[in-house]
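Below, read A as the first sequence line, B as the second, and so on, with proteins coming before strands; counting in each chain starts at 1. Quick note: numbers below take in every heavy atom, side chains included, and nothing from hydrogens, waters or symmetry partners.
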Amino acid sequence: MARKYWLMKSEPDAYSFDDLMAEPEQTACWDGIRNYQARNFMMEMKVGDYVLFYHSNAKPPHVAGTARVARESYPDHTQYDKKSKYYDPKAPADAPRWQMVDLQAMEKLPRPVSLNELKENPRLTEMRVTQKGQRLSVQPVTRKEFDEVLRMAKK
DNA sequence: GCCAACGTTGGC
DNA sequence: GCCAACGTTGGC
C-alpha cells in the first residue's frame, strides 16, 4: 500500500514542531481533534504516512517540519477527561467519538515555507491550505505537493 | 482585534 | 429537515 501524505495544523503557541522534536522518541499523540472531517482523515492514516507540520496563527503561518504517523488511530482519551478542554460530555463511554494518531517528528525544514509562498507557487494551487476559507486542521496532500514543499524549503 | 468562512446545535 | 443562532478557526 502506497504511503499517503497529509498536512496537520497546530498553533505553535499551543504546540509547536519543536515541542514534538523535544518529546521522548520525538513522538506524541495528536489529541484534541474535534471535527469529524479531520477525524475521518486521521482514521485513514497508516503507520509510515508522511505529514507536513503546519504552524497556524503564526506570523506568518508556515510549514515547519515533517513527521510520520507512528500509530494508527485509537480513541482520544481527552474526550472523557472532565478536566481537559477537549472534554466531550456527549461522547458515549462504549463508543468513542474522537480518535487520535501518534506522530513522530522527522526533519525540521531547513527554513520555514510560508503560506504566502505556497499560494504563489503554481504547482500548489490545488493544496487545500492555500484555498480561502479552508480551515480543516487535518488534510490530505499529494506526494507531488509534499515533495514540492520540501524542495522549496531547500532554496 | 476584526471578521469571513465554516461547522454545530437546537427549536420548530 | 430547515435554518437561525452561535462558536471556532485562522488569515490578515
Side-chain angles (χ1 to χ4, degrees), chain A residues 4-23 28-45 49-69 72-103 105-142 144-153 155:
Chain A
K4 288 183 183 171
Y5 299 84
W6 310 91
L7 179 144
M8 297 171 80
K9 298 180 185 175
S10 183
E11 299 191 18
D13 288 346
Y15 194 85
S16 70
F17 185 74
D18 286 343
D19 291 334
L20 182 60
M21 289 286 276
E23 300 277 3
C29 60
W30 204 257
D31 60 14
I33 296 293
R34 295 292 180 269
N35 170 285
Y36 287 106
Q37 211 179 344
R39 179 205 67 180
N40 291 345
F41 281 135
M42 283 203 300
M43 291 172 75
E44 288 181 31
M45 291 182 184
D49 283 2
Y50 283 175
V51 176
L52 294 172
F53 195 115
Y54 177 87
H55 281 165
S56 61
N57 262 321
K59 295 173 186 173
H62 60 272
V63 178
T66 57
R68 65 185 286 278
V69 175
E72 286 164 25
S73 64
Y74 60 107
D76 179 342
H77 55 88
T78 62
Q79 69 194 299
Y80 300 122
D81 178 358
K82 285 185 180 162
K83 292 194 289 279
S84 169
K85 64 172 175 172
Y86 300 123
Y87 175 63
D88 180 356
K90 293 185 180 173
D94 57 347
R97 175 185 282 198
W98 304 111
Q99 302 274 314
M100 61 188 183
V101 296
D102 286 358
L103 286 190
M106 293 199 298
E107 300 289 340
K108 186 165 181 168
L109 296 188
R111 65 170 188 89
V113 177
S114 72
L115 176 60
N116 204 38
E117 288 178 84
L118 299 179
K119 286 180 175 173
E120 286 173 352
N121 187 329
R123 293 190 183 89
L124 301 179
T125 52
E126 299 295 311
M127 252 182 114
R128 299 179 74 138
V129 75
T130 66
Q131 289 162 15
K132 191 183 174 193
Q134 177 47 65
R135 307 180 308 171
L136 198 59
S137 62
V138 177
Q139 28 182 282
V141 300
T142 66
K144 282 183 178 176
E145 289 163 348
F146 184 92
D147 289 345
E148 179 68 10
V149 173
L150 263 52
R151 196 187 64 76
M152 293 167 76
K155 300 203 292 193

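Residue A/K59 is classed as having no contact, given no heavy-atom separation below 4.0 Å to the nucleic acid.
A/R128 pairs by the salt bridge (Lys or Arg N to Asp or Glu O under 4.0 Å) definition with nothing, not counting sequence neighbours. Under the ring-ring contact (aromatic ring centres under 6.0 Å, His included) criterion, A/Y86 pairs with no residue, sequence neighbours left out. A/F53 is linked by a ring-ring contact (aromatic ring centres under 6.0 Å, His included) to A/F17, A/W30, A/H55, counting only residues two or more places apart in sequence or in another chain. Taking A/Y36 as the reference, A/W98 meet the ring-ring contact (aromatic ring centres under 6.0 Å, His included) condition, with sequence neighbours excluded.
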Scan nucleotides 1-12 of chain B nucleotide by nucleotide, 5' to 3', and note B when protein non-hydrogen atoms come under 4.0 Å of the base, S if they reach only the sugar-phosphate, - if neither.
----BBSS-S--
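Among residue pairs with one or both ends in residues 84-96 of chain A, those qualifying as salt bridge (Lys or Arg N to Asp or Glu O under 4.0 Å) are A/D88-A/R97; sequence neighbours excluded.
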